[in-house]
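Structure, as structure tokens:
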Amino acid sequence: MNDEAHEALELETLKNIISADIPEEDPIDLSESLSVSETREWEMQVDHHGMRLDRALALIIPEFSRSYLQQLIARGYVASQGVALIKPAMTVKLGQKGTVELQPTPMSQAFVPQAMDLDVVFEDAHLLVINKPAGLVVHPAPGNWSGTLLNALLARDPRSGELPRAGIVHRLDKDTSGLMVVARSRTAMDALSAMISLHNVRRQYLAIAHRSWAGRLFRDVEGSVGRDPKNRLRMAVVDLQRHPGKTAKTTVECLESTSEVCLVQCSLHTGRTHQIRVHMSSIGHPLVGDELYGGKSLAGMNRQALHAFRLAFDHPVSHEAMRFQSKLPPNFALAMTQLGLGYNEFD
């Protein structure tokens with residue numbers, strides 16, 4: 001496992017993510033979540049004599065992984081007699097002494113408040129509904145340890161720091177825009193998490209997909225979603241008898257079609273990672289701008305043309321029926337116009 005994958009798994013476990021949209025991961029050691037630097041002294045004992053430096057340090061400081069210690073060695077944070085030891089494979093000797101400067105990991109510095117403007121559609125004491133712009137990452141991850149929705153929530157309401165994941169109960173991909181609900185109280189968070197698990201939070205998306213639509217206007221796409229066995233950076237429809245994954249279902253309705261593209265409304269029955277993108281690609285209609293799943297940029301759309309435009313659920317405390325619909329982002333609406341698709345009825 002490379003360092004980015006290791007940190008990604010640490011992050012998921014650290015925050016105990018409970019969301020139908022976020023894949024489960026195996027728990028691993030979280031002890032590397034340092035928030036401040038720390039210097040420790042070490043001395044090689046008889047059992048360490050002749051060992052590699054990284055292996056010996058992993059035995060002396062067992063709460064830290066060998067891969068993390070290798071990074072510290074390579075960066076010059078391990079020294080003996082004032083000389084940096086920069087080769088993890090060098091052998092050590094009985095009685096050799098030195099220091100290791102333990103450094104905070106990027107993950108440990110991720111959960112800090114960062115003020116930013118949020119498009120709040122609804123707010124009360126128990127929840128927020130926001131309209132997430134494309135480009136905003138929902139929670140910290142490798143490559144995006146700051147500037148996320150989680151950071152913004154921590155800055156907006158200090159009480160959110162008392163909630164797991166600052167109240168985030170589901171997510172949208174970085175380049176998917178649209179409506180999200182966020183909990184502001186533990187009561188609401190527990191209830192919303194249960195509702196999502198039971199598929200009682202209804203989410204509908206608009207998408208622009210390649211190719212003219214043919215056949216019935218409504219189509220249920222059922223295909224289990226898991227890691228693509230040929231490319232671990234993406235998801236795929238998989239055979240559960242041969243590969244790990246989870247069952248998934250999306251109802252797709254064609255709203256409009258031209259000779260080049262189609263406008264579809266997608267309703268989620270499950271919430272798997274990249275579910276709509278994977279299912280649309282699997283039926284020969286990859287989303288415009290979604291290069292990961294076979295799409296291409298058209299009419300200025302250089303991100304997946306996917307917008308969560310409707311959100312419906314019963315309020316987790318008052319039980320009032322909550323219904324929200326968001327306007328299309330300007331670049332999405334412009335792309336529809338340029339591609340000959342009408343969008344006024346969704347404006």
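Everything numeric in this text was worked out from a predicted model, so none of it was measured.
Both Y77 and V92 sit in one connected hydrophobic cluster of ILVMFWY residues. Membership requires side-chain heavy atoms under 4.5 Å apart, directly or through other members. In the hydrophobic clustering of this structure, V317 does not group with V129; members are Ile, Leu, Val, Met, Phe, Trp, Tyr whose side-chain heavy atoms approach within less than 4.5 Å, directly or through other members. One hydrophobic cluster holds both L163 and I196 under the rule that ILVMFWY side chains link at heavy-atom gaps under 4.5 Å. Residues I86 and L102 do not share a hydrophobic cluster, defined by chaining ILVMFWY side chains whose heavy atoms lie under 4.5 Å apart. Under the 4.5 Å side-chain heavy-atom criterion for Ile, Leu, Val, Met, Phe, Trp and Tyr, Y205 and L136 are members of the same hydrophobic cluster.
Proximity of S326 to H307: side-chain heavy atoms (C-beta onward) are separated by under 4.5 Å at one or more points. Using a 4.5 Å heavy-atom cutoff, the side chains of M180 and V138 are in contact. Taking 4.5 Å as the limit, every side-chain heavy atom of R227 sits out of range of all side-chain heavy atoms of P244. Counting only heavy atoms from C-beta outward, the side chains of L306 and I276 approach each other to under 4.5 Å. The shortest side-chain heavy-atom distance between L328 and L206 falls under the 4.5 Å cut-off. Counting heavy atoms from C-beta on, the side chains of T250 and C266 come closer than 4.5 Å. At least one side-chain heavy atom of S282 sits under 4.5 Å from a side-chain heavy atom of V221. In this structure, the side chains of N331 and M301 come closer than 4.5 Å at one or more pairs of heavy atoms.
A perpendicular orientation is assigned to the rings of H274 and Y293, their planes being inclined by more than 60° (bins at 30° and 60°).
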Applying side chain to side chain donor-acceptor pair (under 3.5 Å), run through E41 and T99 and close with a yes or a no.
CA-CA 4 Å; E41 296 181 351; T99 59; over 6 Å; no
Decide yes or no on side chain to side chain contact (heavy atoms under 4.5 Å, CB included) for K246 and V225, but give the supporting numbers first.
CA-CA 5 Å; K246 294 183 178 180; V225 174; over 6 Å; no
With side chain to side chain contact (heavy atoms under 4.5 Å, CB included) as the criterion, how do V112 and L154 come out once you've worked through the C-alpha distance, each side chain's angles and the decisive distance to 0.1 Å?
CA-CA 7 Å; V112 296; L154 291 174; 5.9 Å; no
Could you walk me through whether S67 and S65 pass the side chain to side chain donor-acceptor pair (under 3.5 Å) test, one step at a time?
CA-CA 5 Å; S67 64; S65 71; 3.2 Å; yes
Verify salt bridge (charged side-chain N to carboxylate O under 4.0 Å, His left out) between D173 and R277, making sure each step is shown before the conclusion.
CA-CA 10 Å; D173 294 336; R277 299 164 65 187; 3.0 Å; yes
Would W213 and V252 count as a side chain to side chain contact (heavy atoms under 4.5 Å, CB included) if you check the C-alpha gap in whole Å, the side-chain angles of each, and the deciding distance to 0.1 Å?
CA-CA 11 Å; W213 188 268; V252 182; 3.8 Å; yes
Begin with the C-alpha distance, continue with both residues' side-chain angles, and end with the deciding distance and a verdict on salt bridge (charged side-chain N to carboxylate O under 4.0 Å, His left out) for R211 and E260.
CA-CA 5 Å; R211 296 180 52 220; E260 185 179 19; over 6 Å; no
When you look at F64 and L72, which way does the side chain to side chain contact (heavy atoms under 4.5 Å, CB included) test go after all the steps?
CA-CA 11 Å; F64 294 92; L72 294 182; over 6 Å; no
Working note: T91 + H49, criterion side chain to side chain donor-acceptor pair (under 3.5 Å); need CA distance, chi angles, decisive distance, verdict.
CA-CA 8 Å; T91 56; H49 183 75; over 6 Å; no
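Under the 3.5 Å distance criterion, the side-chain polar atoms of R165 are matched with a main-chain donor or acceptor of I168. Distance alone, capped at 3.5 Å, is enough to place a donor-acceptor pair between the Q275 side chain and the K249 backbone. Here the side chain of D54 pairs no donor or acceptor atom with the backbone of Q70 at under 3.5 angstrom. A distance-only check finds no donor-acceptor pair linking the side chain of S193 to the backbone of D190 [under 3.5 Å]. Counting only distance, with no hydrogens or angles, the side chain of H285 and the backbone of A209 share no donor-acceptor pair below 3.5 Å. No donor-acceptor pair under 3.5 Å is formed between the side chain of S224 and the backbone N or O of G245. Between the N151 side chain and the G147 main chain, a donor and an acceptor come within less than 3.5 Å of each other. Judged by distance alone, with hydrogens and angles left aside, the side-chain atoms of K132 form no donor-acceptor pair with the main-chain N or O of L179 at under 3.5 Å. Remark: side-chain polar atoms of R272 are paired, donor with acceptor, to backbone N or O of T247 under 3.5 angstrom. Proximity of a side-chain donor or acceptor of T337 to a complementary backbone N or O of A333 within less than 3.5 Å is detected.
Of the listed residues (H279, E222, Q265, H269), just one forms a side-chain hydrogen bond (donor to acceptor under 3.5 Å, both in side chains) with T251, and that residue is H269.
Taking all atoms of both residues into account, the shortest heavy-atom contact from D314 to A321 is OD1-CA, 3.7 Å. Minimum heavy-atom separation, P140 to L150: CD-CB, 3.9 Å. A84 and G76 get closest at one heavy-atom pair: CB-O, 4.1 Å. Residues Q304 and L287 share a closest heavy-atom pair of CB-CD1, 4.4 Å. Contact detail for V278 and A236: the closest heavy-atom pair is CG1-C, 3.7 Å. P88 and I73 get closest at one heavy-atom pair: N-CG2, 3.7 Å.
Here CZ of R52 is found 11.0 Å from CG of L57. Values are rounded to the nearest 0.5 Å. For the atom pair CZ (R75) and CD (Q103), the distance works out to 8.5 Å, reported to the nearest 0.5 Å. Here the straight-line distance linking atom CG of L94 with atom CD of E43 works out to 8.0 Å at 0.5 Å rounding. Note: R203 CZ to F309 CZ = 14.0 Å, rounded to the nearest 0.5 Å. To the nearest 0.5 Å, atoms CD1 (I130) and CG (L118) are separated by 5.5 Å. In this structure, N200 CG and R202 CZ are separated by 7.0 Å, a value rounded to the nearest 0.5 Å.
Other residues, nucleotides and ligands contribute at most 12 non-hydrogen atoms within 6.0 Å of the CD atom of E291. Under a cut-off of 6.0 angstrom, the local environment of CG in N231 is crowded, with over 12 non-hydrogen atoms contributed by other residues, nucleotides or ligands. Applying the 6.0 Å contact sphere to CG of L59 captures more than 12 heavy atoms from other residues, nucleotides or ligands. The number of heavy-atom neighbours closer than 6.0 Å to CZ of R323, taken from other residues, nucleotides and ligands shown, is above 12.
Side-chain atoms of T39 and E101 include no donor-acceptor pair closer than 3.5 Å. Side-chain polar atoms of N144 and H139 form no donor-acceptor pair below 3.5 angstrom. Using modelled atom types and a 3.5 Å distance limit, the side chains of S259 and S212 yield no donor-acceptor pair.
Note: F122 and F324 meet the aromatic proximity criterion, with ring centroids under 6.0 Å apart.
For E123 and R184, the salt-bridge test passes: some basic side-chain N is under 4.0 Å from an acidic carboxylate O.
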